[in-house]
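Questions regarding the structure given below will be posed in turn.
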Amino acid sequence: MSDLVEPKQVDVVYETDQPVLYEVIDGVAWVTLNRPDFNNAQNGQMTYALDDAFMRATNDDAVKCIVLAGNGKHFSAGHDIGTPGRDLYTQFENRLMVPPHVTRPGAELLYTREQEQYLGMCRRWRDIAKPTIAMVQGACIAGGLMLAWVCDLIVATDDAFFQDPVNRMGIPGVEYFAHAFELPPRVAKEFLLLGERMSASRAEQFGMVNKIVSRAELRDTVAAMAAKLAAQPRLGNWLTKQAINHVEELRGKRTAMDAVFHMHHFAHAQNDLVMGNSLGGLDGKTMAAQNKQQAKEG
């Protein structure tokens, strides 16, 4: 007897058929998140389109550097937990050695999906053989952190902020748990336990951000940085990137991330058991309202 279930049928309405834009200029691939009406919240449609764009840039020998940007006011408000395009129960063609998630019962559904679309995809993008730059303006929240953190360099605007408020849901940070590698341990605890916004200027103090500029300067600054990288030896860029990533692995980044991923899903399962909702009864609107209220109080 199979322990699989029938996929849940949910109406999904996508507001665009281009959740990611792609353009190559002078050897630089500009990959742009394109759900500005929802602050570039990441649904499955966007995740797979992003993977397509990164693969396209990887396979194009004319591309020497990749820039990841977000269209609109904010870089990314994180994972989609409340728009009409939330496609939790939609099965895409998996890119990793992970089975379909929609037929998995109980907590196994989220665990399987997030191994593929969150943890697995982010690790895949971190290992791209070409240098990558995240161009961050406005909000970079929760799942948005994962997209910025997989990039080699981060350039942020002076009004950008970083935040992971999912402890409100009883969850110890987003799935790609790089917090304690991007920040000193005590600062990482503050970042997660209090869930408050961290300004770009404070993030720069800890080395999480490489450069801060105004919004007006952002594109030109990143373009100049990308042009410099694109002019350097291809293999040298790749080997340098691998060298630093290897040091992070020696420090235990992958094993730490694996451990916290399981804590993350224990928290989802606990929420389901106690509250009947894996997110602790919170949704995108509630989280956004709490974020704004907390920012005013701070």
Side-chain angles (χ1 to χ4, degrees), residues 7-16 19-20 33-50 70 72-92 101-102 104 106-122 138-149 161-177 179 192 195 197 260-261 263-295:
K8 186 174 181 179
Q9 301 302 311
V10 176
D11 289 332
V12 177
V13 180
Y14 293 129
E15 79 284 0
T16 178
V20 174
L33 309 175
N34 187 42
R35 299 189 72 202
D37 291 345
F38 298 109
N39 296 325
N40 296 318
Q42 305 152 36
N43 56 8
Q45 180 203 32
M46 174 183 279
T47 300
Y48 285 91
L50 185 55
K73 184 178 179 180
H74 299 292
F75 174 73
S76 177
H79 295 143
D80 187 342
I81 57 173
T83 84
R86 188 184 187 216
D87 48 15
L88 170 62
Y89 297 101
T90 300
Q91 183 63 55
F92 294 84
H101 71 277
V102 294
R104 267 53 190 176
E108 188 181 1
L109 182 144
L110 270 186
Y111 179 82
T112 305
R113 177 179 183 257
E114 295 185 359
Q115 281 275 8
E116 159 81 8
Q117 290 188 30
Y118 295 163
L119 182 60
M121 286 288 201
C122 285
C140 182
I141 300 174
L145 295 168
M146 295 164 49
L147 300 187
W149 284 345
F161 66 89
F162 303 84
Q163 185 179 20
D164 192 352
V166 300
N167 190 33
R168 292 179 201 153
M169 301 173 175
I171 296 171
V174 288
E175 297 82 356
Y176 183 81
F177 192 88
H179 306 63
L192 285 165
R197 297 180 178 186
V260 179
F261 183 81
M263 297 177 200
H264 180 102
H265 281 278
F266 171 72
H268 275 314
Q270 174 73 357
N271 282 340
D272 264 330
L273 287 168
V274 174
M275 305 182 69
N277 181 285
S278 64
L279 300 179
L282 300 177
D283 59 17
K285 288 183 179 179
T286 305
M287 290 291 282
Q290 290 184 6
N291 287 348
K292 290 177 182 177
Q293 182 61 38
Q294 188 179 62

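Values in this document were obtained by computation on a predicted structure and should not be read as measured data.
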### Query
Do Met263 and Phe177 touch side chain to side chain, with heavy atoms closer than 4.5 Å?
no
### Message
So which atom in Pro36 and which in Gly72 form the shortest heavy-atom distance, rounded to 0.1 Å?
### Response
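Answer, listing the atom of Pro36 first, then Gly72: CB-CA, 4.2 Å.
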### Task
Measure the spacing between OG1 of Thr112 and CD of Gln117 and express it to the nearest 0.5 Å.
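That separation rounds to 11.0 Å.
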### Query
Should we count CZ of Phe266 as having more than 12 external heavy atoms under 6.0 Å?
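For Phe266, atom CZ is not crowded (no more than 12 foreign heavy atoms under 6.0 Å).
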#### Entry: Min side-chain heavy-atom separation Ser76-Leu33 under 4.5 Å
yes
### Query
Checking side-chain contact (heavy atoms from CB on, under 4.5 Å) for the pair Leu88/Leu110: CA distance, chi angles, key distance, verdict?
CA-CA 8 Å; Leu88 170 62; Leu110 270 186; 3.7 Å; yes
### Tyr14 vs Asn43 side-chain heavy atoms within contact, under 4.5 Å
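When only atoms from C-beta onward are counted, Asn43 and Tyr14 do touch, with a gap below 4.5 Å.
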### Message
Rounded at 0.5 Å granularity, tell me how far CD1 in Ile81 sits from OG in Ser278.
### Response
9.5 Å
### Query
Is it true that a side-chain atom of Gln9 and a backbone atom of Tyr89 form a donor plus acceptor pair closer than 3.5 Å?
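Looks like no, no N/O pair under 3.5 Å.
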### Query
Do you know which two heavy atoms are closest between Gly44 and Asp87, and how far apart they sit?
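Closest pair (atom of Gly44, atom of Asp87, distance): N-OD1, 2.7 Å.
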### Query
Quick one: does Gln163's side chain have a donor or acceptor within less than 3.5 Å of a partner on Ala142's backbone?
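Absent.
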### Message
Is a donor from one side chain sitting under 3.5 angstrom from an acceptor on the other, for Asn40 and His74?
### Response
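No, because no side-chain N or O of Asn40 sits under 3.5 Å from a partner of the opposite role on His74.
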### Task
Tell me yes or no: between the side chains of Tyr48 and Glu116, is some donor less than 3.5 Å from an acceptor?
yes
### Query
Less than 4.5 Å apart, any side-chain heavy atom of Asn167 and any of Leu192?
no
### Message
Minimum heavy-atom separation for Met146 and Cys122, please, with both atom names.
### Response
CE-SG, 3.5 Å
### Query
Any donor and acceptor pair, going by atom type alone, linking the side chain of Asn271 with main-chain N or O of Met169 inside 3.5 Å?
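Looks like yes, one N/O pair under 3.5 Å.
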### Message
How close do Asn277 and Leu279 get, counting heavy atoms only, and between which atoms?
### Response
OD1-N, 2.7 Å
### Query
Is any side-chain heavy atom of Arg197 closer than 4.5 Å to a side-chain heavy atom of Gln294?
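Side chain of Arg197 against side chain of Gln294, heavy atoms only: no contact under 4.5 Å found.
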#### Entry: Passing candidate, ring-ring contact (aromatic ring centres under 6.0 Å, His included) with Tyr111, options His101, His265, His268
His265
### Task
May I have the step-by-step check of side-chain contact (heavy atoms from CB on, under 4.5 Å) for His179 and Val174, ending in yes or no?
CA-CA 9 Å; His179 306 63; Val174 288; 3.8 Å; yes
### Non-hydrogen side-chain atoms of Met287 and Ile141 separated by less than 4.5 Å
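Answer no - side chains too far apart.
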### Task
Please answer whether the main-chain N or O of Ala41 pairs with a side-chain N or O of Arg35 as donor and acceptor at a distance below 3.5 Å.
yes
### Message
Does any part of the side chain of Glu15, heavy atoms only, come nearer than 4.5 Å to the side chain of Phe38, both counted from C-beta?
### Response
yes
#### Entry: Result of checking Phe162, Tyr176, Phe75 against Leu145 for side-chain contact (heavy atoms from CB on, under 4.5 Å)
Phe162
#### Entry: Any side-chain heavy-atom pair of Thr90 and Val12 under 4.5 Å
yes
### Query
Which is it for Arg168 and Asn291 under the side-chain contact (heavy atoms from CB on, under 4.5 Å) test, yes or no, and what are the steps along the way?
CA-CA 11 Å; Arg168 292 179 201 153; Asn291 287 348; 2.8 Å; yes
#### Entry: Intermediate values then yes/no, side-chain contact (heavy atoms from CB on, under 4.5 Å), Glu175 and His79
CA-CA 11 Å; Glu175 297 82 356; His79 295 143; 3.0 Å; yes
### Task
May I ask you to decide if Gly82's main-chain N or O and Asp283's side chain share a donor-acceptor pair within less than 3.5 Å?
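Such a contact is absent between Asp283 side chain and Gly82 backbone.
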### Task
Taking all non-hydrogen atoms of both residues into account, name the closest pair between Val260 and Pro172 and its distance.
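It is CG1-O, 3.9 Å.
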#### Entry: Closest non-hydrogen atom pair between Met121 and Thr47, with its separation
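Smallest heavy-atom distance, with atoms named: CG-CG2, 4.1 Å.
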